[in-house]
Every structure is written in C-alpha cells, then in structure tokens.
A.B. asks: 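I am attaching a structure below and will ask some questions about it afterwards.
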Number of protein chains: 2
Amino acid sequence: MPGTDGNWFEILHKSGCRLTAPRRAVVEALVDSLHALTPVDVFDAARKDCPGLGLVSVYRTLEKLEELGLVQRVHLTRGCQGFVRAANGHQHLLICTNCGKAVLFEGDKLEPLFNIVSKNTGFQIDSHWLQVFGLCNACRSDS
Amino acid sequence: MPGTDGNWFEILHKSGCRLTAPRRAVVEALVDSLHALTPVDVFDAARKDCPGLGLVSVYRTLEKLEELGLVQRVHLTRGCQGFVRAANGHQHLLICTNCGKAVLFEGDKLEPLFNIVSKNTGFQIDSHWLQVFGLCNACRSDS
DNA sequence: GTAACTGCAAACGCTTTGCACCAAG
DNA sequence: CTTGGTGCAAAGCGTTTGCAGTTAC
C-alpha cells in the first residue's frame with residue numbers, strides 16, 4: 001500500500017518526534033521499498049535524498065519506527081538485520097529468497113492449530129510468527 | 001526425545017569429524033537441553049565437562065552441527081543467537097518467553113494455507129518457518 | 001529558548017581468523 | 001603419520017554510546 005508515508009510522519013509527529021531531513025529520508029526509504037532492507041541498505045537509499053546522513057541516524061530512526069510498530073524485523077537464516085514495513089493485524093511475511101521481495105499475506109487460519117498445541121503442551125500461547133520463503137513471480141521466470 | 005546423543009556422535013563421525021573431548025562436551029550440552037542456548041550458555045554448560053574448553057570451539061562445533069542439521073537457530077525479537085536441537089520434518093518451535101523452554105510441535109496443517117497464498121501471490125513457496133511464543137505450564141503457575 | 005536530533009569518533013560485544021601445538025584415527 | 005581440532009590472541013564487523021554542535025518547533 002503506497003502513499004501511506006503521510007501517516008508515518010503524522011504518527012512520528014504525534015509521538016513527539018521532530019521531522020528532520022535525515023529522518024524524512026530514512027522513512028521514505030522504508031515506505032518506498034517492497035524489500036527487506038538492512039540498516040546499510042536504508043543508509044544507501046536515504047543518502048540519495050540526504051547526502052550528509054550518518055549511519056547512526058539510521059539506527060536511531062529504525063529503533064523509533066520499530067517502537068512505534070511501523071516497521072518490523074525480517075529474520076533470515078544468517079541473521080535478523082532486515083527491516084520492512086510492519087504487518088497489520090494477522091498478516092505474515094512472504095519473502096523471495098532470490099530478490100528479497102517481501103509480500104504480506106493474511107494468515108488467520110492458525111488459531112485452530114494453536115488451540116490444539118496449547119491443549120497438548122500446556123502452554124499459554126501469546127504470539128506467533130510465521131515467515132514463508134520462496135521465489136516470486138519474476139524470479140521464477142528468470143530461472 | 002532424550003537418548004539420541006549416540007546418533008549425533010555417529011553422524012559426526014560419519015561426516016569425517018573427530019570425537020574430541022571439547023566436541024563431546026558441546027554436543028552433550030545441546031542434547032541435554034530443552035532450552036534455546038546461546039553460544040555462551042553452551043560454553044558455560046560444556047565447561048563443566050571439559051574445563052579447558054574455549055569459546056571458539058563452541059562456535060566451530062555449533063557451525064558443524066547446524067551444517068549437519070542437528071541443531072537449528074531460534075530467532076527471538078532481540079536477535080538470533082539461540083540454538084536448539086533441530087526439528088524433524090514438519091515440526092515447529094514453541095518457546096516460553098519467561099524461562100526459554102523450547103518445545104517442538106507438529107504443524108502439518110499449513111499446506112492448504114500455502115496453496116492459497118501461492119495462488120494469490122504467484123510465489124513458488126519453498127519453505128516456511130513458524131515460531132510460537134507463550135508461557136509454559138510452570139511459568140503460568142508462577143505468575 | 002528548549003529539547004530533540006545530528007554526525008563524528010570512540011567504545012563495545014559478539015563472532016571469526018591466524019597460528020602454532022596437539023591428538024584422533 | 002596425517003589431518004582435523006584445539007586454545008589463545010588478535011582482528012573484524014555491525015551496533016551502540018558520548019559528546020558538542022545544530023535545528024525543529
């Protein structure tokens with residue numbers, strides 16, 4: 001859903017943050033991207049808008065965005081340095097293992113499974129976390 | 001499933017690894033544990049069996065065990081430094097957010113969901129990854 | 001004017017690498 | 001004897017922190 005960046009600025013503003021050029025650039029980089037981005041990826045992208053930007057500001061803005069639930073981490077086999085726009089409600093991440101494209105999909109259907117698991121294990125289940133890996137349309141055609 | 005450590009040694013041996021004291025200690029620490037362990041956790045536990053053990057050997061053994069599919073990473077919100085015994089087949093991880101207890105459960109039921117997602121997104125789905133968080137029986141009673 | 005934000009440099013912590021020695025097979 | 005494994009120390013790298021100057025509001 002493009003065009004939601006106005007909301008992000010509004011949310012940031014409402015939580016007492018100032019809308020500086022470096023922060024704007026970082027936000028734009030993440031809102032515009034359909035891929036999971038590492039801090040350095042964000043840095044590189046945002047530097048085009050704001051050449052003086054420092055990596056530190058990227059980290060600090062990412063932290064704030066994660067705190068506000070606007071951005072979430074992507075966990076890959078080799079680490080969890082990726083960030084994408086956060087899912088709303090019961091959405092989950094689908095990631096292309098070739099190009100890194102990230103898509104959200106609905107996954108409400110898990111509750112029945114959790115009820116069974118809860119009964120069998122005695123756990124009180126609070127949250128879950130599903131990531132699916134595969135090849136996107138474009139990358140399938142290439143191979 | 002306790003008592004599977006014999007298999008691990010056999011598998012290691014068959015893939016050309018030598019069964020040294022440090023390696024044995026690291027393997028024992030992981031086989032015995034029902035919790036996700038960080039490299040340092042493993043280090044501490046394994047040092048009881050093998051006092052001269054170095055952290056480096058823990059890293060190197062973990063790498064080998066992951067390579068052989070005997071151990072898998074646990075991804076938590078703040079990082080992915082945890083290791084537990086790997087799941088067999090279609091099992092998934094259930095983790096207690098209080099004590100770190102890790103339990104495996106069957107989760108075959110996801111295929112229908114993936115078929116729908118695949119149809120909707122054009123992705124070819126290769127693998128998935130489900131982790132569930134909650135409180136285990138013991139930790140529920142405590143609170 | 002005030003408090004939040006900035007970039008820089010230094011500090012930090014976890015992980016990896018180089019190396020000489022050791023031990024399993 | 002060969003080759004893989006070991007511990008140590010140092011290097012590496014991504015992230016965090018301290019700080020003085022800057023800027024949104």
Side-chain angles (χ1 to χ4, degrees), chain A residues 8-30 36-68 70-83, chain B residues 8-30 36-68 70-83:
Chain A
W8 288 31
F9 289 130
E10 205 178 309
I11 293 168
L12 279 165
H13 187 88
K14 276 183 185 160
S15 40
C17 294
R18 292 179 183 171
L19 303 180
T20 64
R23 189 157 283 176
R24 275 170 193 282
V26 169
V27 168
E28 297 287 1
L30 282 157
L37 300 177
T38 64
V40 174
D41 291 338
V42 174
F43 179 62
D44 291 339
R47 272 205 154 216
K48 284 165 194 158
D49 282 357
C50 178
L53 177 69
L55 225 203
V56 184
S57 295
V58 174
Y59 278 101
R60 287 194 272 229
T61 301
L62 281 173
E63 192 185 356
K64 190 132 272 166
L65 293 174
E66 198 182 8
E67 217 176 282
L68 293 173
L70 294 171
V71 129
Q72 71 182 159
R73 275 169 204 272
V74 176
H75 293 246
L76 302 168
T77 352
R78 291 309 286 170
C80 17
Q81 16 12 19
F83 288 86
Chain B
W8 287 32
F9 289 131
E10 204 178 308
I11 292 168
L12 279 165
H13 187 88
K14 277 184 183 158
S15 39
C17 294
R18 292 178 184 173
L19 303 181
T20 63
R23 191 158 282 176
R24 274 171 194 282
V26 169
V27 168
E28 297 289 1
L30 283 158
L37 301 176
T38 64
V40 173
D41 291 338
V42 174
F43 180 63
D44 291 338
R47 271 204 155 218
K48 285 167 194 157
D49 282 356
C50 177
L53 177 70
L55 225 202
V56 185
S57 294
V58 174
Y59 279 101
R60 288 193 272 229
T61 301
L62 281 172
E63 193 186 355
K64 191 131 274 167
L65 292 174
E66 198 182 8
E67 217 176 284
L68 294 172
L70 295 172
V71 129
Q72 71 182 158
R73 273 169 205 272
V74 176
H75 294 247
L76 303 167
T77 352
R78 291 308 285 170
C80 17
Q81 18 8 21
F83 288 87

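The analysis underlying the following values was restricted to heavy atoms, covering all of them including side chains, and did not include hydrogens, waters or symmetry mates. The sequence lines fix the lettering, A, B, ..., with proteins before strands; numbering per chain opens at 1.
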A.B. asks: Atom CD of Glu10(A) and atom P of dC25(D): how far apart are they, to the nearest Å?
C.D. replies: 14 Å
A.B. asks: Could you tell me which residues satisfy side chain to side chain donor-acceptor pair (under 3.5 Å) with Arg73(B), sequence neighbours excluded, listed by chain and number?
C.D. replies: Glu66(B)
A.B. asks: Starting at CG of Leu62(A) and ending at C1' of dG14(D), how long is that distance when rounded to a whole Å?
C.D. replies: 13 Å
A.B. asks: Quick one: pull up CG in Leu55(B) and CZ in Arg60(B) and give me the separation to the nearest 0.5 Å.
C.D. replies: 11.0 Å
A.B. asks: Would you mind reading off the distance between Phe43(A) atom CZ and dC8(C) atom C1', rounded to a whole angstrom?
C.D. replies: 12 Å
A.B. asks: Go through the structure and list residues passing disulfide bond (SG atoms under 2.5 Å apart) with Cys17(A), not counting sequence neighbours.
C.D. replies: none
A.B. asks: What string of B, S and - do you get for nucleotides 3-11 of chain D, 5' to 3', if B is base contact, S is sugar-phosphate-only contact and - is no contact with any protein heavy atom under 4.0 Å?
C.D. replies: BBSBBBB--
A.B. asks: Using heavy-atom distances to pick each residue's nearest nucleotide on DNA chain C, tell me which of Arg24(A) and His13(B) is more 5'.
C.D. replies: Arg24(A)
A.B. asks: Which pairs pass side chain to side chain donor-acceptor pair (under 3.5 Å) with one or both residues in residues 13-25 of chain B, sequence neighbours excluded?
C.D. replies: Glu10(B)-Lys14(B)
A.B. asks: Give every residue pair that meets the side chain to side chain donor-acceptor pair (under 3.5 Å) criterion with at least one member in residues 36-46 of chain A, sequence neighbours excluded.
C.D. replies: Thr38(A)-Asp41(A)
A.B. asks: With sequence neighbours left out, write down each residue that passes side chain to side chain donor-acceptor pair (under 3.5 Å) with Glu63(A), or none if nothing qualifies.
C.D. replies: none
A.B. asks: Once you round it to whole Å, what is the distance between C1' of dA4(C) and CD of Glu63(A)?
C.D. replies: 14 Å
